[in-house]
Amino acid sequence: MSQQISAAQSRSEATAPTSETIELLHQRVSVRKYTDDVVAEETVEAVLRAAFRAPTSSNIQSYSVVIVRDEETKRRLSGVAGKQRHVAETPVFLAFCADLTRIERAMETNGHTIANNNMETSLVSSIDAALVGMSAYLAAESLGLKGVMIGGVRNNAVETARILGLPELVYCVFGMCLGYPDEVPPLKPRMEYTSVVHYEQYGQTRGASDAASTVAAYDVELAKHYRGTGRDTTDDSWSRDMDSKFHPPLRDRLREELSALGFRFS
Ligand SMILES: Cc1cc2nc3c(=O)[nH]c(=O)nc-3n(C[C@H](O)[C@H](O)[C@H](O)COP(=O)(O)O)c2cc1C
């Protein structure tokens with residue numbers, strides 16, 4: 001915990017406005033090990049009810065959440081996600097889904113169909129699910145829970161849909177492991193604020209504005225972080241991570257899989 005506090009204290013904006021929410025965000029870190037303590041149903045419900053207050057594009061509320069506690073289901077989801085242990089071992093797994101079924105119903109009663117929906121529909125429903133997911137994450141943290149989002153469910157979107165019993169027009173955008181923390185990972189550094197924030201026009205930053213300088217500086221910072229945690233890395237840590245993640249292209253079948261589930265991303 002002292003590491004977390006010192007990281008917060010070392011922020012250059014020591015005199016900047018702050019609040020419980022801001023402090024919560026500054027100490028947020030993905031946690032992948034949980035105690036055996038049960039996450040009570042009322043706790044999950046409180047978290048999700050709060051999360052559903054998230055803004056939603058044109059009030060479409062195009063999300064659904066599947067709460068998974070069953071060991072076999074978690075094991076199967078872990079398999080899709082590349083055998084991620086924390087998915088199998090998490091006390092509770094929340095699947096944040098984009099859900100167009102209710103919009104379909106609304107349109108049908110007006111004599112129309114959503115079957116030929118376009119990319120905008122797919123995008124806004126995914127954004128809606130993401131906003132609810134992040135809100136849930138923060139609500140959970142405020143109650144002492146920790147977790148990690150799981151994009152690995154999109155390794156095979158169709159198989160994930162099958163495991164969760166999702167109907168057509170619903171897909172799992174990402175999942176979330178949630179539990180009481182059994183580890184205190186160090187905060188992973190972020191890219192330099194002054195390189196990422198632009199004033200009025202893109203490129204007008206108060207730090208290095210070119211990608212090459214920003215990436216070079218972050219490579220060093222992240223390598224330092226990884227070495228501090230005992231993880232083997234190279235000096236070009238982030239660049240190498242990104243290259244190996246996206247070359248060859250990741251989840252190349254996703255467009256076809258989402259199309260089969262009723263989402264048109266083209
Ligand atoms: C949409 C999304 C999907 C993610 N998928 C996974 C995942 O499948 N497995 C995992 O261990 N972490 C996953 N993460 C966590 C990221 O790896 C993590 O947030 C990032 O490395 C930054 O670390 P931090 O959250 O500890 O600051 C995901 C995060 C997001 C936002």
Side-chain angles (χ1 to χ4, degrees), residues 4 21 24-35 39 43-44 46-56 62-69 73-99 122-157 159-161 163-164 166 170-191 222 225 238 241-242 245-246 250-251 254 257-258 263:
Q4 314 287 57
T21 307
L24 189 80
L25 281 161
H26 275 298
Q27 297 198 357
R28 197 214 56 78
V29 60
S30 293
V31 168
R32 298 176 177 84
K33 272 192 182 164
Y34 317 100
T35 67
V39 182
T43 305
V44 174
V47 161
L48 290 179
R49 282 188 183 277
F52 294 154
R53 295 304 312 162
T56 155
S62 56
Y63 44 75
S64 285
V65 181
V66 184
I67 303 170
V68 178
R69 294 179 187 273
T73 309
K74 286 187 285 182
R75 195 192 56 73
R76 290 175 69 198
L77 289 169
S78 164
V80 173
K83 297 202 175 98
Q84 296 193 43
R85 252 178 64 179
H86 40 284
V87 176
E89 293 176 356
T90 183
V92 62
F93 183 90
L94 305 179
F96 290 90
C97 302
D99 185 342
S122 300
L123 195 59
V124 290
S125 57
S126 305
I127 293 171
D128 261 29
L131 294 177
V132 163
M134 186 60 201
S135 302
Y137 194 110
L138 293 179
E141 287 225 341
S142 75
L143 295 176
L145 290 157
K146 292 279 185 179
V148 60
M149 293 182 178
I150 301 295
V153 291
R154 295 189 313 274
N155 286 346
N156 187 333
E159 180 60 13
T160 295
I163 294 169
L164 294 171
L166 307 182
V170 183
Y171 90 93
C172 181
V173 183
F174 59 92
M176 190 186 298
C177 301
L178 218 50
Y180 293 97
D182 200 22
E183 64 170 358
V184 185
L187 299 179
K188 197 180 276 185
R190 294 298 194 255
M191 290 182 191
L222 192 64
H225 165 81
W238 187 79
D241 280 356
M242 293 304 113
K245 193 161 179 71
F246 297 113
L250 186 63
R251 296 172 189 143
L254 190 58
E257 289 172 6
L258 294 186
F263 290 80

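Scope of the values below: all heavy atoms of this structure, side chains included, with no hydrogens, waters or symmetry mates.
In this structure, OG1 on T43 lies 11.0 Å from CG on L48, to the nearest 0.5 angstrom. Rounded to the nearest 0.5 angstrom, K146 NZ and Q27 CD are separated by 7.0 Å. One distance of note links CG of L138 with OG1 of T21; it measures 8.0 Å at 0.5 Å rounding. Between the CG atom in L254 and the CG atom in N155 there is a gap of 9.5 Å [rounded to 0.5 Å]. Atom NZ of K33 sits about 6.5 Å away from atom CZ of R85, to the nearest 0.5 Å. The line from CG of L222 to CG of D241 is 6.5 Å long, rounded to the nearest 0.5 Å.
Residues K245 and L250 meet the side-chain proximity criterion, which asks for heavy atoms closer than 4.5 Å. When side chains are defined from C-beta on, C97 counts as touching L166, because their heavy atoms get closer than 4.5 Å. R53 has its side chain out of reach of S135: every pair of non-hydrogen atoms, C-beta onward, lies at least 4.5 Å apart. Two residues are said to be in side-chain contact when any heavy atoms from C-beta on lie closer than 4.5 Å; I150 and H86 meet this criterion. Proximity of L131 to T56: side-chain heavy atoms (C-beta onward) are nowhere separated by under 4.5 Å. In this structure, F93 and T73 have side chains that are not in contact, with every pair of non-hydrogen atoms separated by 4.5 Å or more. V153 has its side chain out of reach of I163: every pair of non-hydrogen atoms, C-beta onward, lies at least 4.5 Å apart. Side-chain contact check for C177 versus V87: some heavy-atom pair is nearer than 4.5 Å.
Between the side chain of R154 and the backbone N or O of V173, at least one donor-acceptor pair lies under 3.5 Å. Checking side-chain atoms of E89 against main-chain N and O of Y34 turns up no donor-acceptor pair under 3.5 Å. At least one donor-acceptor pair closer than 3.5 Å links the side chain of S78 to the backbone N or O of Q84. Counting only distance, with no hydrogens or angles, the side chain of T90 and the backbone of L178 share a donor-acceptor pair below 3.5 Å.
Scored by the ring pair (Phe, Tyr, Trp, His ring centres under 6.0 Å) test, Y180 finds no partners at all (sequence neighbours excluded). Scanning for side chain to side chain contact (heavy atoms under 4.5 Å, CB included) contacts around A139 gives V47, A50, with sequence neighbours left out. Scored by the salt bridge (charged side-chain N to carboxylate O under 4.0 Å, His left out) test, R28 finds no partners at all (sequence neighbours excluded). Legend: residues meeting ring pair (Phe, Tyr, Trp, His ring centres under 6.0 Å) with Y137, ordered by chain and number and at least two apart, are absent. For T35, the side-chain hydrogen bond (donor to acceptor under 3.5 Å, both in side chains) partners two or more places apart in sequence, or in a different chain, are D37. Taking N156 as the reference, V80, V158, E159, R253, E257 meet the side chain to side chain contact (heavy atoms under 4.5 Å, CB included) condition, with sequence neighbours excluded.
Looking at V39, V132, V44 one by one, the single match for side-chain contact (heavy atoms from CB on, under 4.5 Å) with L94 turns out to be V44.
The closest side-chain donor-acceptor pair between Y171 and S126 falls under 3.5 angstrom.
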| request: Please test V65 against F96 for side chain to side chain contact (heavy atoms under 4.5 Å, CB included), starting from the C-alpha separation and ending with a verdict. | output: CA-CA 5 Å; V65 181; F96 290 90; 3.7 Å; yes

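Taking both residues in full, the closest heavy atoms of P185 and S30 are given as CG-O, 3.5 Å, listed atom of the first, atom of the second, then distance. Minimum heavy-atom separation, S62 to D128: N-OD2, 3.4 Å.
Heavy-atom contacts from other residues, nucleotides or ligands closer than 6.0 Å to CZ of R69 number more than 12.
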